[in-house]
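Structure record follows, encoded as structure tokens.
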Protein chains: 2
Amino acid sequence: MAQDKTSDPRQSSGNKLSVLRKHPIFADLEPDALDQLCRYAKHTTVKRGATIAAKGDPGNNLFAVVSGTVKISSSSPDGRNAILNLIGPGEIFGEIAVLDGAPRSADATANTNCELYIIDRRDFLPFVKSQPELAMKFIELLCGRLRWTSQQVEQVILQNLPGRLASALLGLTEERKLDSGSGTLAITQQEISEMVGMTRESINKQLRAWAARSWVRLEHGAIVVLDIDALRELAESGLEGG
Amino acid sequence: MAQDKTSDPRQSSGNKLSVLRKHPIFADLEPDALDQLCRYAKHTTVKRGATIAAKGDPGNNLFAVVSGTVKISSSSPDGRNAILNLIGPGEIFGEIAVLDGAPRSADATANTNCELYIIDRRDFLPFVKSQPELAMKFIELLCGRLRWTSQQVEQVILQNLPGRLASALLGLTEERKLDSGSGTLAITQQEISEMVGMTRESINKQLRAWAARSWVRLEHGAIVVLDIDALRELAESGLEGG
DNA sequence: CGGGAATGGTCGGTTTCCCGACACTTGTCC
DNA sequence: GGACAAGTGTCGGGAAACCGACCATTCCCG
């Protein structure tokens, strides 16, 4: 997993460089700037289930995912849980609190064992301000996030369970965040229920109805999307599908 | 209403200056930059109900609200409607499509008669890039939007009707977007239902239950919040309240 | 390889909420 | 000032989803 040894700064820096360059937001930085960024980035690994950041904390760090997936979620006093986003390799998270200085608005936990880079806010904020191009990149990133989140609100208001579930499966399939090839999504039904805001039972019922139609195939801890067009049609019409 | 006459550039520019300076995002600009911005901004008025921008359009304009309120919404094929945001005086909207170049993700309609400034993307984008401070302001703006929208997703997933309704009323009261003093919200029950994603009937039923407890008072086309603490408690616990 | 945790599958009773319909009030525009 | 639109109040049937309670299976870790 962690091939760079923190005891060897030279090699560490070299690996960091090649990894950070794959993150779209840093890809176009000048070599000097990228090098500077590498010096700021600290390498870490976290075990599945571990808390990376908690709601309400000061946002002192920006995170970049090297491997694994991170779950952004929030929970209510009565134990219910809402999954807001899943962050995969090549993506960053925790940028909002870093950029605006307000407390974290959600929890971040390791959905699988993860390899991360952590960048301190005190290093990063001046760095962004010194790189106008990077600021524009962040504006684009935030715009994308906003589009995604607004669409979620839209779907949750306009669509019923089948529509929402279809939309969620489509989103996961298209982004390939959990894709291990040919439409296999490594996600539990419990997690899906927390993404769309319905109970696990309702999700299970709907999924098996679709499995009977060969739209999907259910495996343990995974869902295989077989007929993506059927799901797309259902998601777009927003109706029916029981 | 419209005190600046477009036939008189001098006076127009003077008024624009004082108005644009009230928008937090432009407030800290250098006088020269602000002056430049005024030259870009075109003044317009739109009548209640008129479409300002439509979903799918290219985002060629940034809008700043001078007076009135604008409704950001999206509708499904079967006629259902979702209100995503309400924009009041001193706020801007339409910035996402301008900043990232993608099509508009929602409709914008005049909720009341409105007075707006319109700025062309071709003028504005180079302007932002030439003003590093402004880029940071936009980052903060987008972060705020993202926090608000994420919270909406959270609420819609975690809370039931009473909780969501209470949260919506609290939000509207605290932002004072529709406030005409002492907690009076100028909003119809139909509109609230489209904000929280429930039917008007359900909203009406819940509101009258609260009116019976003197938590709110219902007027024609308006809601007066009487006991804000009761609503806050309900919104935070997320439970009960029938 | 064995035990426990995680995940999936299943079931009715109950609640919530939608749906369609309608009467009444208020406001607005000609 | 009168017609019409917009907004509110109300009702009951029926569908959708929750809830709590299970057991079966699979996986993972010691």
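Keep in mind it's a predicted model, so treat the numbers as computed, not measured. In what follows, every chain begins at residue 1, and chains take the letters A, B, ... in the order their sequences are listed.
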Quickly work out the [X] [atom1] to [N] [atom2] distance and round it to whole Å.
{"X": "R208(A)", "N": "dT7(C)", "atom1": "CZ", "atom2": "P", "result": "18 Å"}
{"X": "E219(B)", "N": "dT26(C)", "atom1": "CD", "atom2": "C1'", "result": "13 Å"}
{"X": "W210(B)", "N": "dT8(D)", "atom1": "CH2", "atom2": "P", "result": "16 Å"}
{"X": "K205(A)", "N": "dC11(C)", "atom1": "NZ", "atom2": "C1'", "result": "10 Å"}
{"X": "Q190(A)", "N": "dA5(C)", "atom1": "CD", "atom2": "P", "result": "17 Å"}
{"X": "L207(A)", "N": "dA17(D)", "atom1": "CG", "atom2": "P", "result": "13 Å"}
{"X": "D78(B)", "N": "dC19(C)", "atom1": "CG", "atom2": "C1'", "result": "13 Å"}
{"X": "R48(A)", "N": "dA5(C)", "atom1": "CZ", "atom2": "C1'", "result": "11 Å"}

Check your understanding: Quick one: side-chain hydrogen bond (donor to acceptor under 3.5 Å, both in side chains) partners of E154(A), sequence neighbours excluded?
Key ->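 Result, side-chain hydrogen bond (donor to acceptor under 3.5 Å, both in side chains) vs E154(A): K55(B), S74(B).
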Please write out the pairs of protein N or O atoms and N or O atoms of nucleotides 18-25 of chain D separated by less than 3.5 Å, giving the distance to one decimal.
unit_1  : atom_1 : unit_2  : atom_2 : d
dC18(D) : OP1    : T199(A) : N      : 3.3
dC18(D) : OP2    : T199(A) : N      : 3.3
dC18(D) : OP2    : T199(A) : OG1    : 2.8
dC18(D) : OP2    : S202(A) : OG     : 2.5
dG20(D) : O6     : E201(A) : OE2    : 3.3

Exercise for review: Mind grabbing the angle between the end helix axes of the helix from dC1(C)-dG30(D) to dC30(C)-dG1(D)? Five pairs an end, 10° rounding.
Suggested key: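 Result, rounded to 10 degrees: 60°.
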Point to revise | Where at least one partner belongs to residues 55-93 of chain A, residue pairs that pass ring-ring contact (aromatic ring centres under 6.0 Å, His included), sequence neighbours excluded | key: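 Counting only pairs at least two positions apart or across chains, the ring-ring contact (aromatic ring centres under 6.0 Å, His included) contacts touching residues 55-93 of chain A are F63(A)-F93(A).
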Practice item. Say whether N204(A) and R208(A), considering side chains only, have a donor N or O and an acceptor N or O under 3.5 Å apart. Key: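 Yes, a side-chain donor-acceptor pair sits under 3.5 Å.
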Exercise for review: Could you please spell out the steps behind the salt bridge (Lys or Arg N to Asp or Glu O under 4.0 Å) verdict for E174(B) and R232(B)?
Suggested key: CA-CA 11 Å; E174(B) 282 164 8; R232(B) 189 170 286 128; 3.1 Å; yes
Review point. OP1 or OP2 of dG8(C) less than 4.0 angstrom from a side-chain nitrogen or oxygen of N204(A), does that happen here?
Key: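 For dG8(C), OP1/OP2 do not have a side-chain N/O of N204(A) under 4.0 Å.
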Review point. When you check the phosphate oxygens OP1 and OP2 of dG9(C), does a side-chain N or O of Q189(A) lie under 4.0 Å from one of them?
Key: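 The answer is yes; a side-chain N or O of Q189(A) sits under 4.0 Å from OP1 or OP2.
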Exercise for review: Would you check, one step at a time, whether the test side chain to side chain contact (heavy atoms under 4.5 Å, CB included) holds for I87(A) with T69(A)?
Suggested key: CA-CA 5 Å; I87(A) 312 290; T69(A) 63; over 6 Å; no
Practice item. Just jot down the side chain to side chain contact (heavy atoms under 4.5 Å, CB included) partners of R80(A), sequence neighbours excluded, or say none. Key: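 Scan of R80(A) (side chain to side chain contact (heavy atoms under 4.5 Å, CB included), adjacent residues dropped) gives S76(A), D78(A), L158(B).
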Exercise for review: Tell me, please, which residues at least two apart from D227(A) pass side chain to side chain contact (heavy atoms under 4.5 Å, CB included).
Suggested key: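 Counting only residues at least two positions away or on another chain, D227(A) forms a side chain to side chain contact (heavy atoms under 4.5 Å, CB included) with W215(A), D229(A), A230(A).
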Review point. Salt bridge between R200(A) and E194(A), side-chain N to carboxylate O under 4.0 Å?
Key: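 Between E194(A) and R200(A) there is no salt bridge, as every charged N stays at least 4.0 Å from the carboxylate O atoms.
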Practice item. Could you check Q159(B), Q152(B), Q151(B), E236(B) and say which one makes a side-chain hydrogen bond (donor to acceptor under 3.5 Å, both in side chains) with S167(B)? Key: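 Single pass found, and it is Q159(B).
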